[in-house]
Each structure stands twice: as structure tokens, then as C-alpha cells.
Amino acid sequence: MSELPKSTGAPARQNVTFPSAGGTAHGYLALPPSGSGPGVIVIQEWWGLTDHIANVADRLAAEGFVALAPDLYGGNVAHDSGEALRMMRELPVARGVELLSGAVGHLLALPEVTSESVASVGFCMGGGFVIEQAAADPRVAAAVPFYGVVQGELPDFSHLRAQILGHYGEQDTSITKESRERLVEAIERQSGITPDIRLYPAGHAFFNDGRPETYDPASAASAWRSTLAFLREQLG
């Protein structure tokens, strides 16, 4: 089995490898203090598998979940928004979904995972991939996009099985009210599932505590509490 291409640049947070998309993928795995629990996939922002994303996995593990953050950029982390945009554009949506499918399979195969399905939590680009992956993979039972940006056309939601809890900032100029409404309408019409969309008095990336220019502590804390309750309800 061949290695997936590995880029040069700032190191990503990696501690595991697993087969995915015809090669060997990398990621960050965090286990709960008990040693076992339901499985959650954590999907990176356009920056890459950063300390912030690894910290989200650690926080989920501290709450009793087995959290896996797959590295969609093959080891690279962006230093600025221009580089992040280039790296995101170089990752086709179909390729990202394929890599995530391998991560879901790996997570469900771990003896530490007690759930028969997984949840998916993602941010910005990763929030979009949460939506894309849930639409494509019935093994995803719960989907939590934080300010999820869907690239291009919306996916086909006719096979969607996941319940959805979405977190969006009212002051986020990159995601309009119209685009949120279009997403909700498509999901409801094609799947019969009504997403729970929560709005916060904040802008884009309000959950990222590594970016003080966007971080909103009150909104982040509220979104985190409801996310944990939702994951426990959906995964047990």
C-alpha cells in the first residue's frame, strides 16, 4: 500500500496512521480516561491539522469520546490565509470525502470504540466536509458543522441518516443567511431531516481560541455545551 503524498511545511499534529483512499493516512487520536467510548471524527479548518484541532480532540476525549482528527493535508499546516486557500482548493471535495471514509472505517474498527456509528464535528472547511461526509456515509449518525462552508454545489442528501446540529455566527460575512436557508431547505426536502441550526452573536471562527481576533468565549462555550449534549444523545 502506497503512502499518500506528504507536503513540506509546518508539522501537523499526528500520532496515528491508518489505511485510507488506497494509501496510508495520518491523524491525531485521543482516548478518554476510561479507555473507551463512542467515536467522533474531528475535521480540520483550512489551516490543517493544527494544535487547535488536536485540542478539540483532546477535549472530546476528556468528555468520554474516542476522537480521531484525520490529516487531510498530508502533514502540512498553512501559515497564512493565502496558503490555506491554496491548500483547500488543491483538495477536491470527493478526495476529502474519500479520506474521511477511511477515517470512519478505522475509528469504528478500534476496540476502544463502543458505538456502532460515529459523529462528525468540523470547522469552516471541515464543517463543510462534515455535511458532505454525512450525506455520503450512513455510518455517520450525528453531524456538527461549526460555520461549515460547503464548496461548490450542495451534495445529494437523499441518503442522509445523520441528525445535524449546526453552529453559525450572525456576524459571519462568509456565510450568508440565504446560503444557510438554502442548505436547510435542501436537507429537509431530500432527507426529511430538519437540522438544528444555532446562531450566535459572533463572526466566523468564533470557536477557535487560538485566534484571538475571531474567538468569542461566550458563544464558543454555549456551542460546546450543546455539542456535547447532542453527541451524547445521538451516540449514547
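Heads up: numbering here begins at 1 and tracks the sequence. Reckoned from all heavy atoms, side chains included, excluding hydrogens, waters and symmetry mates.
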Quiz prompt | Min side-chain heavy-atom separation Asn76-Glu83 under 4.5 Å | solution = yes

Quiz item: With a 4.5 Å limit on heavy-atom distance, are the side chains of Leu228 and Leu60 in contact?
Solution: yes

Quiz item: Roughly how far, to the nearest 0.5 Å, is CG of Asp58 from CG of Leu29?
Solution: 10.0 Å

Quiz item: For the residue pair Ser191 and Leu160, what are the closest heavy atoms and their distance?
Solution: OG-CD2, 3.7 Å

Quiz item: What is the distance from atom CG of Leu110 to atom CD of Glu112, rounded to the nearest 0.5 Å?
Solution: 5.5 Å

Quiz item: Does one hydrophobic cluster hold both Leu68 and Val97, with members joined at side-chain heavy-atom distances below 4.5 Å?
Solution: yes

Exercise. Indicate yes or no: at least one non-hydrogen side-chain atom of Arg89 is less than 4.5 angstrom from one of Gln151.
Key: no

Quiz item: Taking Thr214 for the side chain and Ala205 for the main chain, is one N or O donor matched with an acceptor at less than 3.5 Å?
Solution: yes

Self-check item: For the student: nearest non-hydrogen atoms of Pro195 and Val184, plus distance
Solution: CD-CG1, 4.1 Å

Quiz item: Between Thr50 and Ile53, does a side-chain contact (heavy atoms from CB on, under 4.5 Å) hold up when you go through it step by step?
Solution: CA-CA 5 Å; Thr50 61; Ile53 296 301; 3.7 Å; yes

Self-check item: Atom CD of Glu116: over 12 foreign heavy atoms under 6.0 Å
Solution: no

Practice problem: Working to the nearest 0.5 Å, report the span between CG of Leu165 and CD1 of Ile197. | Solution: 7.5 Å

Exercise. Rounded to the nearest 0.5 Å, what's the gap from OH on Tyr168 to CG on Leu183? Could you check?
Key: 5.5 Å

Practice problem: Could you tell me whether the side chain of Arg198 and the main chain of Asp196 form a donor-acceptor pair under 3.5 Å? | Solution: no

Self-check item: Beyond-backbone contact of Ser81 with Trp47, side-chain heavy atoms, under 4.5 angstrom
Solution: yes

Quiz item: Got a donor-acceptor contact below 3.5 angstrom from the Tyr73 side chain to the Trp46 backbone?
Solution: yes

Exercise. Verify, without hydrogens or angle tests, whether Gln44 (side chain) and Leu72 (backbone) share a donor-acceptor contact under 3.5 angstrom.
Key: yes

Quiz item: Do Arg180 and Leu199 have side chains that get closer than 4.5 Å, going by heavy atoms?
Solution: yes

Self-check item: Beyond-backbone contact of Leu91 with Met87, side-chain heavy atoms, under 4.5 angstrom
Solution: no

Self-check item: Side-chain touch Ser101/Gln133, heavy atoms, less than 4.5 angstrom
Solution: yes

Practice problem: Decide whether Leu235 and Ile193 are clustered together by the hydrophobic rule: side chain heavy atoms of Ile, Leu, Val, Met, Phe, Trp, Tyr closer than 4.5 Å, transitively. | Solution: yes

Practice problem: On the 0 to 90° scale, with breaks at 30° and 60°, tag the Phe123-Tyr147 ring pair as parallel, tilted or perpendicular. | Solution: tilted

Self-check item: Minimal non-hydrogen separation, Ser120 against Val140, with atom names
Solution: CB-CG1, 4.2 Å

Quiz item: Can you tell me how far the CG atom of Asp71 sits from the CD1 atom of Ile43, to the nearest 0.5 Å?
Solution: 12.5 Å

Quiz item: Which heavy-atom pair separates Ala62 from Pro33 by the least distance, and what is that distance?
Solution: CA-CD, 4.3 Å

Self-check item: Check against side-chain contact (heavy atoms from CB on, under 4.5 Å), Gln163 and Glu233
Solution: CA-CA 10 Å; Gln163 297 297 314; Glu233 177 184 358; over 6 Å; no

Practice problem: Give the minimum heavy-atom separation between Pro155 and Gln190, together with the two atoms involved. | Solution: O-OE1, 3.9 Å

Practice problem: Determine, stepwise, if the pair Arg211 / His52 fulfils side-chain contact (heavy atoms from CB on, under 4.5 Å). | Solution: CA-CA 9 Å; Arg211 298 184 61 203; His52 168 62; over 6 Å; no

Practice problem: Report the residue from Trp224, Tyr200, Phe207 that forms a ring-ring contact (aromatic ring centres under 6.0 Å, His included) with Phe146. | Solution: Phe207

Exercise. Kindly say whether Leu99 contributes a backbone atom to a donor-acceptor pair with the side chain of Ser20 at under 3.5 angstrom?
Key: yes

Quiz item: If you measure from OG on Ser219 to CD on Gln171, what distance do you get to the nearest 0.5 Å?
Solution: 8.5 Å

Quiz item: With no hydrogens and no angle check, is any side-chain donor or acceptor of Thr176 less than 3.5 Å from a backbone partner on Ser179?
Solution: yes

Exercise. For residues His167 and Ser226, determine if any side-chain heavy atom of one lies less than 4.5 Å from a side-chain heavy atom of the other.
Key: yes

Exercise. Give the C-alpha distance, both sets of side-chain angles, the deciding distance and a yes or no for side-chain contact (heavy atoms from CB on, under 4.5 Å) between Thr173 and His204.
Key: CA-CA 8 Å; Thr173 57; His204 193 72; over 6 Å; no

Self-check item: Least distance between heavy atoms, Ser115 atom then Leu108 atom
Solution: O-CD2, 3.7 Å

Quiz item: Is Arg95 paired with Glu98 through a side-chain N to carboxylate O contact shorter than 4.0 Å?
Solution: yes

Quiz item: Take atom CD in Glu213; do more than 12 heavy atoms of anything else shown fall under 6.0 Å from it?
Solution: yes

